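Below is one structure, written out as structure tokens; the observations come after it.
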Amino acid sequence: MILEVATVVEHRHFVASKAESFHILKLRSPEIAVQAMPGQFVMLRVNELFDPLLRRPFSIFHTEKDCLYLFYKVVGKGTSLMSQWSQGREVSLLGPLGNGFGLPSKDVPWLVAGGAGIAPLFFLHHYLKHHGYRPKILWGLRYRISQELIDFLSKYLDNIVIYTEDGSLGYQGLVTEGVEKLYQITKPSKIYACGPIPMLKSVYDWLKNKDIPMEVSLEAQMACGIGACLGCIIKGKEGYKKVCCEGPVFDAREIKWDEI
Amino acid sequence: MGRDINLTVKLGGLELKNPVMVASGTFGYGEEYSWLVDLNQLGAVVVKGLSLKPKLGNLPPRLVETPCGLINAIGLENIGVKRFVEEKLPFLKQFDTKVIVNIFGYSVGEYAQLAEFLSSASIDALEINISCPNIKESGRLFGTDPKMAQEVTKAVCQHTHLPVFVKLTPMVTDITGIVEAVMEAGADGVSLINTIPAMAVNIYTRRPRLGNVTGGMSGPCLKPIALKLIWDIVQKMRVPIIGIGGITNYEDALEFLIVGARAVQIGTANFVNPKTSIEIIEGIQQYLKKQGLKDINEVIGTLRI
């Protein structure tokens, strides 16, 4: 756990009309970057003022030497301010935090993402490939993404299938439908998922009676990120779990899905 | 640095090497932050509020951020006083800092039992929480009625040799009445303010944004309110006061000290910048140096009107 002043190296904005916008922030953060594992996150301080007050948690999207990348979408005040950052800006980061993903026992794992939930799975994809696995990625979006983002991602990802709700890119439909269809052809060794709760629930409901392990990366409002404030708990089968330090990666079977 | 500057403050029977502590509920049991903060430098660590039995806490969501504020409804989740002494205290005792244990109960008897149990543990003081807005059954009831506050404080003081501080809610019409009552009952001082009851609503689901519906507000937006309440007390009586409420830097801390608090607690700011407390200690030293002062006590209670 390191508190580090990182520097913005590059900030890319993938914006196009009638498309989902995403941003990729590259930060030089030497100490955190070398320690980070897929599934871990950082708490980022948006500014030195106190509005917004709290640090924001972000899954680590990618690391490269002394740099780490964050992949985000503008959803509120914090991310809106962040999206205006330019090269050279200093940012206070706390990380790497939380528990990362575990390796699958065999090939082929499936990585199921919804929206910005691709962030930790992108990092995991890279890691799994490095360890000799051939992961498949299924990514669900509401609308298409910009061609620039497709180009950027295809440099790193192979074996990716995209689903959009409006059919403007890839297959039309929900990523969960994609999972079910693919299952009729081939079986995963393990499922890793990150995205909105309804998506995670739906994947879990489909999978729970099958003999397939599943790990999910969850999101919660949090204040400290290190297990002190007890603000980020979710209901697990064995009581409350702290998303920040007992997660954010959980065995899907440990979560009480019908109560969250 | 600052070897010639005295930061020691005395609060009743408790002496601190400097006036900066970390507030209950914002620093876990100390261990969580020990990776980032040198606990040896702190005046004291006030640990998460403890009850006789472990407590599960409130349903999520437990946090809502507001402009310059944070509403929490943790619900005093804690591991219970017994496990604290067995599992958490030994770690804290390795450090050269005072350990203050915040306690809460559901009856006067429970507060007394907590005080008795903790008196045999190796801690330095008790802070009685009679002001948490997140516990329906107890807490605030004791904090808003001078008679009840007095009864709880008396029960605790009769069952311990440790210095006792009473943590107060701002939600009273006359803070000085409560302070008088608890000081008469034997308290060494008071700490204030606890959070201010608050809520937030999701307009799309029309549901409260906290699992507990309401919570307690903390953060920078509280500072002016806390200062004013401390000023109310200072004008009427001379009691050891621990100032709490929205302190984020040494300037904030000094405002409290100048008004008349003898020490301060850093709360929500720990989440934002874990090193806040350490930076405040350094900042106060620098301030004293620049002002040509040698002792923090030359600043405390020196508000010029």
Side-chain angles (χ1 to χ4, degrees), chain A residues 1-5 31-32 35 43-57 75-79 81 91-97 197 218-236 238-247 255-256 259-260, chain B residues 22-37 47-49 54-79 209-211 215 217-221 223 246-249 252 267-276:
Chain A
M1 189 192 303
I2 296 153
L3 187 59
E4 186 167 52
V5 178
E31 291 191 61
I32 297 176
Q35 287 191 16
M43 290 292 275
L44 171 153
R45 190 163 173 194
V46 179
N47 61 34
E48 295 299 307
L49 310 171
F50 291 92
D51 183 22
L53 179 64
L54 299 174
R55 287 173 179 266
R56 270 39 184 171
V75 292
K77 190 156 60 179
T79 42
L81 288 166
V91 185
S92 170
L93 283 189
L94 177 62
L97 303 171
I197 293 289
L218 297 179
E219 187 171 46
Q221 270 276 5
M222 54 181 76
C224 70
I226 62 171
C229 74
L230 311 180
C232 65
I233 54 107
I234 49 135
K235 277 191 173 175
E238 285 164 29
Y240 287 147
K241 297 274 180 197
K242 290 177 276 231
V243 172
C244 69
C245 60
E246 291 172 283
I255 306 298
K256 272 192 174 171
E259 290 181 39
I260 59 171
Chain B
V22 284
S24 179
T26 66
F27 212 72
Y29 300 108
E31 191 170 350
E32 293 88 338
Y33 273 103
S34 61
W35 306 91
L36 299 164
V37 179
V47 298
K48 175 88 187 139
K55 189 167 174 354
L56 207 51
N58 289 330
L59 283 173
R62 290 177 168 184
L63 299 172
V64 176
E65 191 188 45
T66 67
C68 295
L70 171 66
I71 313 177
N72 88 78
I74 307 299
L76 295 172
E77 175 174 340
N78 77 94
I79 57 171
R209 289 178 64 192
L210 289 169
M217 177 101 144
S218 66
C221 60
K223 192 187 73 176
I247 299 174
T248 63
N249 54 35
D252 292 342
T268 305
N270 293 318
F271 302 145
V272 183
N273 173 14
K275 295 190 192 296
T276 304

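Lettering follows sequence order; numbering is per chain, from 1. For the numbers below, each heavy atom of this structure counts, side chains included, while hydrogens, waters and symmetry mates do not. None of these values were measured; they are calculated from a predicted model.
Neither the backbone nor the side chain of Pro61(B) comes within contact range of chain A; no heavy atoms are under 4.5 Å apart. With a threshold of 4.5 angstrom between heavy atoms, Leu63(B) approaches chain A through its backbone and through its side chain. Residue Leu49(A) does not touch chain B at all, counting heavy-atom pairs closer than 4.5 Å.
Across Leu94(A), Leu230(A), Ile260(A), Leu3(A), the residue that shares the most heavy-atom pairs under 4.5 angstrom with chain B is Leu230(A). Considering only heavy-atom pairs separated by less than 4.5 Å from chain A, the leading option among Val64(B), Thr66(B), Leu70(B) is Leu70(B). Of all the listed residues (Pro67(B), Gly57(B), Gly25(B)), the one sharing the greatest number of non-hydrogen pairs under 4.5 Å with chain A is Pro67(B). With respect to chain A, the highest number of heavy-atom pairs below 4.5 Å among Cys221(B), Gly30(B), Gly69(B) belongs to Gly69(B). Counting heavy-atom pairs under 4.5 Å between each of Glu32(B), Glu65(B), Lys275(B) and chain A puts Glu65(B) at the top.
Both tests do not hold together for Arg45(A) against Phe271(B): distance to the six-membered ring centre under 6.0 Å, angle to the ring axis within 45°.
Closest non-hydrogen pair, Pro52(A) versus Asn47(A), comes out as CD-ND2, 3.9 Å. Considering all non-hydrogen atoms of both residues, Cys229(A) and Cys224(A) come closest at N-SG, 3.3 Å. Across all non-hydrogen atoms, the minimal contact from Cys244(A) to Cys232(A) is N-SG, 3.3 Å.
In this structure, Leu210(B) and Asn58(B) have side chains that are not in contact, with every pair of non-hydrogen atoms separated by 4.5 Å or more.
A side-chain donor from one of Thr26(B) and Asn270(B) sits under 3.5 Å from a side-chain acceptor of the other.
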